[in-house]
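Letters go in sequence order (proteins before strands), and every chain restarts at 1.
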2 protein chains.
Amino acid sequence: MPDDTWKIPEIAVAVDLAIFTVRNGTFQIMLVERGIEPYLGMRALPGGFLNNSREAVDAAAIRELAEETGLDTDQLHLEQLRTYGEPNRDPRQRVVTVCYLAFVPGLSAPTAGGDARTADWAAVNNVLEPRTRLAFDHKTIVEDAVERARSKLEYTTLAAAFCGPEFTVTELREVYETVWGEDLDPRNFHRKVTGIEDFLVPTGAQTTRQGGRPAALYRRGPAHLLHPAMLRPPKPKPADRTC
Amino acid sequence: MPDDTWKIPEIAVAVDLAIFTVRNGTFQIMLVERGIEPYLGMRALPGGFLNNSREAVDAAAIRELAEETGLDTDQLHLEQLRTYGEPNRDPRQRVVTVCYLAFVPGLSAPTAGGDARTADWAAVNNVLEPRTRLAFDHKTIVEDAVERARSKLEYTTLAAAFCGPEFTVTELREVYETVWGEDLDPRNFHRKVTGIEDFLVPTGAQTTRQGGRPAALYRRGPAHLLHPAMLRPPKPKPADRTC
DNA sequence: CCAAAAGTGTTGACGTTACACCCATGT
DNA sequence: ACATGGGTGTAACGTCAACACTTTTGG
């Protein structure tokens with residue numbers, strides 16, 4: 001720590017949220033359209049500055065999440081992703097932003113913004129396209145957030161956070177397939193996921209909403225970590241080893 | 001983003017470093033003794049405020065790492081851990097700190113502080129003791145950092161970052177055993193680690209520094225991720241399932 | 001009866017564990 | 001010769017991918 005004689009630079013601290021959902025068989029992220037300069041009219045991650053100099057950074061993220069989704073934040077998954085602190089990432093002034101990752105169920109209101117900004121879901125695959133541009137460094141942030149979200153499904157039970165309170169094994173599998181963009185074997189997936197202790201709690205009820213034989217309904221169990229992990233099927237990339 | 005009429009709170013941004021090494025069969029972390037209030041005389045993580053309002057947060061972390069270790073930071077592993085932003089974590093003023101994790105080889109200078117503060121290595125196991133107190137919320141940060149470091153060894157090749165430029169399989173195994181506090185089977189470890197492509201590159205040379213049959217020397221290979229992962233042996237905890 | 005989706009059984013490939021065993025050096 | 005640590009072989013076990021097969025509904 002520097003001694004007290006020298007001046008500490010004071011900096012604006014923001015939080016930004018990468019809020020993901022799975023709806024209509026698509027992996028989606030919430031984006032807002034900017035109503036002010038800079039980047040007027042361009043899409044950006046929802047977020048904002050700390051409300052006042054007493055607000056905790058985590059608390060600001062929870063507040064923003066509640067504002068954007070209108071949901072009970074106790075029920076949602078929210079974790080810190082990373083802090084972005086390049087000096088010129090905001091042209092107005094120096095801003096350091098602490099980014100968070102949130103998972104919300106697919107049945108959430110289509111555009112639930114609590115304030116005046118137009119917030120809407122966007123398909124992650126479209127946002128990741130090279131031609132898509134977002135405000136500030138938010139494109140980079142989205143790339144990081146997507147990779148984090150995808151790998152989180154491998155070793156945690158968070159896939160269930162995209163489902164409603166009760167769901168079938170097939171609905172859970174479709175979450176994995178949608179987020180990863182990979183098909184999984186329904187039989188092996190069923191066996192694996194029902195075999196993990198404390199992951200899925202059977203409700204006893206059944207549903208036939210998918211046609212065919214009725215499927216058992218489950219609720220989220222108390223487990224948070226997946227053991228053993230659910231591995232992404234390795235993409236057959238010829239002549240490119242990422243080992 | 002709030003509209004421009006309302007005042008954005010400006011906050012001091014710091015970086016703190018959890019610099020780990022493995023020396024003398026002990027997992028160690030660098031701590032400094034504070035020379036000023038608050039927490040005068042108490043130990044804390046090395047770190048400091050941004051040098052000026054133009055310095056990137058990552059750049060500040062690299063600068064601090066160089067100051068503390070005196071080593072070439074290009075050769076060291078440095079990654080962001082988490083940002084801590086509770087409002088009263090520093091009694092003087094509002095400080096948000098971005099924390100980083102660094103791994104340095106065990107042969108580094110015993111106390112390499114570039115500036116006047118007394119920096120020294122401390123055994124992680126001692127620091128984690130319930131009675132050990134650190135300045136600010138640094139005890140919590142160390143707990144998070146240790147857990148991150150331990151799990152990083154599972155699925156990355158970073159264990160080799162604790163070794164010198166050339167090392168034996170046994171030295172690498174001792175890194176794992178030291179960081180995890182678990183014994184590993186030398187025979188299986190050897191087979192596994194030498195079988196992973198691009199992890200270890202044989203130099204052709206041998207050493208006899210451990211006594212007994214000479215051991216082959218290796219250099220770090222280009223691989224960064226471990227596939228399949230190196231799993232921590234499950235601790236036999238009776239009546240406590242963390243699944 | 002047929003289509004469709006749910007769920008079970010089986011098999012071979014592969015990775016891990018535990019441990020017997022051999023190899024190469026210093027004293 | 002013998003102690004010490006380096007390194008290989010091997011069998012039992014568990015997990016996983018692939019896929020045949022049975023079950024239960026709607027039309």
Side-chain angles (χ1 to χ4, degrees), chain A residues 25 153-155 163 166-178 180 182-197 199-219 223 225-236 243, chain B residues 25 153-155 163 166-178 180 182-197 199-219 223 225-236 243:
Chain A
L153 294 204
E154 291 195 329
Y155 60 96
C163 298
E166 298 197 346
F167 52 90
T168 66
V169 171
T170 296
E171 286 165 354
L172 183 65
R173 175 169 48 83
E174 284 165 350
V175 166
Y176 277 94
E177 292 176 335
T178 302
W180 285 348
E182 304 275 351
D183 284 346
L184 302 176
D185 184 301
R187 290 83 58 113
N188 292 334
F189 182 86
H190 184 282
R191 198 194 343 260
K192 170 146 193 172
V193 89
T194 53
I196 295 173
E197 213 168 356
F199 185 7
L200 301 183
V201 182
T203 66
Q206 293 190 328
T207 182
T208 88
R209 57 181 171 237
Q210 340 233 353
R213 173 174 168 180
L217 283 169
Y218 296 89
R219 246 190 286 277
L225 289 174
L226 231 43
H227 196 72
M230 181 84 70
L231 294 177
R232 267 186 270 194
K235 286 213 182 190
C243 177
Chain B
L153 295 203
E154 291 194 329
Y155 60 94
C163 297
E166 298 197 347
F167 52 90
T168 66
V169 171
T170 296
E171 286 165 353
L172 183 64
R173 175 170 48 83
E174 284 165 350
V175 167
Y176 278 93
E177 292 176 334
T178 303
W180 285 347
E182 303 276 352
D183 284 345
L184 303 175
D185 185 302
R187 288 85 53 115
N188 293 333
F189 182 86
H190 184 281
R191 197 194 342 261
K192 169 147 194 173
V193 88
T194 52
I196 295 173
E197 212 168 357
F199 186 7
L200 302 183
V201 181
T203 67
Q206 293 191 328
T207 182
T208 134
R209 56 182 172 235
Q210 339 233 351
R213 171 173 168 180
L217 284 169
Y218 296 88
R219 245 189 288 276
L225 290 173
L226 231 43
H227 196 72
M230 180 84 70
L231 294 177
R232 268 186 270 193
K235 286 212 182 189
C243 177

Atom-to-atom span, [atom1] of [X] to [atom2] of [N] - whole angstrom:
{"X": "B/Arg232", "N": "C/dT17", "atom1": "CZ", "atom2": "P", "value": "14 Å"}
{"X": "B/Phe167", "N": "D/dG6", "atom1": "CZ", "atom2": "C1'", "value": "16 Å"}
{"X": "B/Ile196", "N": "C/dG15", "atom1": "CD1", "atom2": "C1'", "value": "11 Å"}
{"X": "B/Tyr155", "N": "C/dG15", "atom1": "OH", "atom2": "P", "value": "22 Å"}
{"X": "B/Arg173", "N": "D/dG5", "atom1": "CZ", "atom2": "P", "value": "10 Å"}
{"X": "B/Asp185", "N": "C/dC21", "atom1": "CG", "atom2": "C1'", "value": "13 Å"}
{"X": "B/Leu200", "N": "D/dG6", "atom1": "CG", "atom2": "C1'", "value": "15 Å"}
{"X": "A/Phe189", "N": "C/dT8", "atom1": "CZ", "atom2": "C1'", "value": "17 Å"}

Please determine whether a side-chain nitrogen or oxygen atom of [X] lies at a distance below 4.0 Å from atom OP1 or OP2 of [N].
{"X": "B/Thr194", "N": "D/dG7", "value": "no"}
{"X": "B/Lys192", "N": "C/dT16", "value": "yes"}
{"X": "A/His190", "N": "C/dG7", "value": "yes"}
{"X": "A/Thr170", "N": "C/dA5", "value": "no"}

Could you pick out which residue, B/Gly212 or B/Leu231, lies toward the 5' side of DNA chain C when each is mapped onto its nearest nucleotide?
->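 Here B/Leu231 is the residue nearer the 5' end.
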Would you mind telling me which residue lines up with the more 5' stretch of DNA chain C, B/Asn188 or A/Gln206, judged by nearest nucleotide?
->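 Between the two, 5'-proximity favours A/Gln206.
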Options D/dT15, D/dT24, C/dG7, nucleotide nearest the side-chain atoms of A/Pro214 |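 Selected nucleotide (nearest to the side chain): D/dT24.
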Of all the choices, C/dA6, C/dT10, D/dG7, which nucleotide is nearest to the side chain of A/Arg191 once you look at every atom?
->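 Of C/dA6, C/dT10, D/dG7, C/dT10 is nearest to the side chain of A/Arg191.
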Which atom of B/Arg187 lies closest to which atom of B/Asp185, heavy atoms considered =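 Minimum heavy-atom contact is N-OD1, 2.8 Å.
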Going by atom types only, do A/Gln210 and A/Thr168 share a side-chain donor-acceptor pair under 3.5 Å?
->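 Indeed, the side chains of A/Gln210 and A/Thr168 share at least one donor-acceptor pair under 3.5 Å.
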Audit row: B/Phe189, B/Tyr176, ring pair (Phe, Tyr, Trp, His ring centres under 6.0 Å) steps and yes/no = CA-CA 10 Å; B/Phe189 182 86; B/Tyr176 278 93; 5.5 Å; yes
Please evaluate the base of C/dA6 for a donor-acceptor partner in the side chain of A/Arg213 within a cut-off of under 3.5 Å?
->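 Answer yes: a donor N or O sits under 3.5 Å from an acceptor.
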Taking atom types as they are modelled, is there a donor-acceptor pair under 3.5 Å from the base of D/dG9 to the side chain of B/Arg187?
->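 When only heavy-atom distances are counted, B/Arg187 does not reach the base of D/dG9 through any donor-acceptor pair under 3.5 Å.
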Return yes if some donor-acceptor pair links the side-chain N/O of A/Thr203 with the main-chain N/O of A/Tyr218 below 3.5 Å, else return no.
->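 No, the answer is negative, given that no donor and acceptor are paired below the 3.5 Å cut-off.
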Which part of the nucleic acid, if any, lies within reach of A/Pro228 when heavy atoms closer than 4.0 Å are counted: base, sugar-phosphate only, or nothing?
->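 The answer is sugar-phosphate, as A/Pro228 gets under 4.0 Å only of primed atoms, P, OP1 or OP2.
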Can we say B/Arg232 and B/Glu182 salt-bridge, meaning some charged N sits less than 4.0 Å from an Asp/Glu carboxylate O?
->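 Salt bridge: no.
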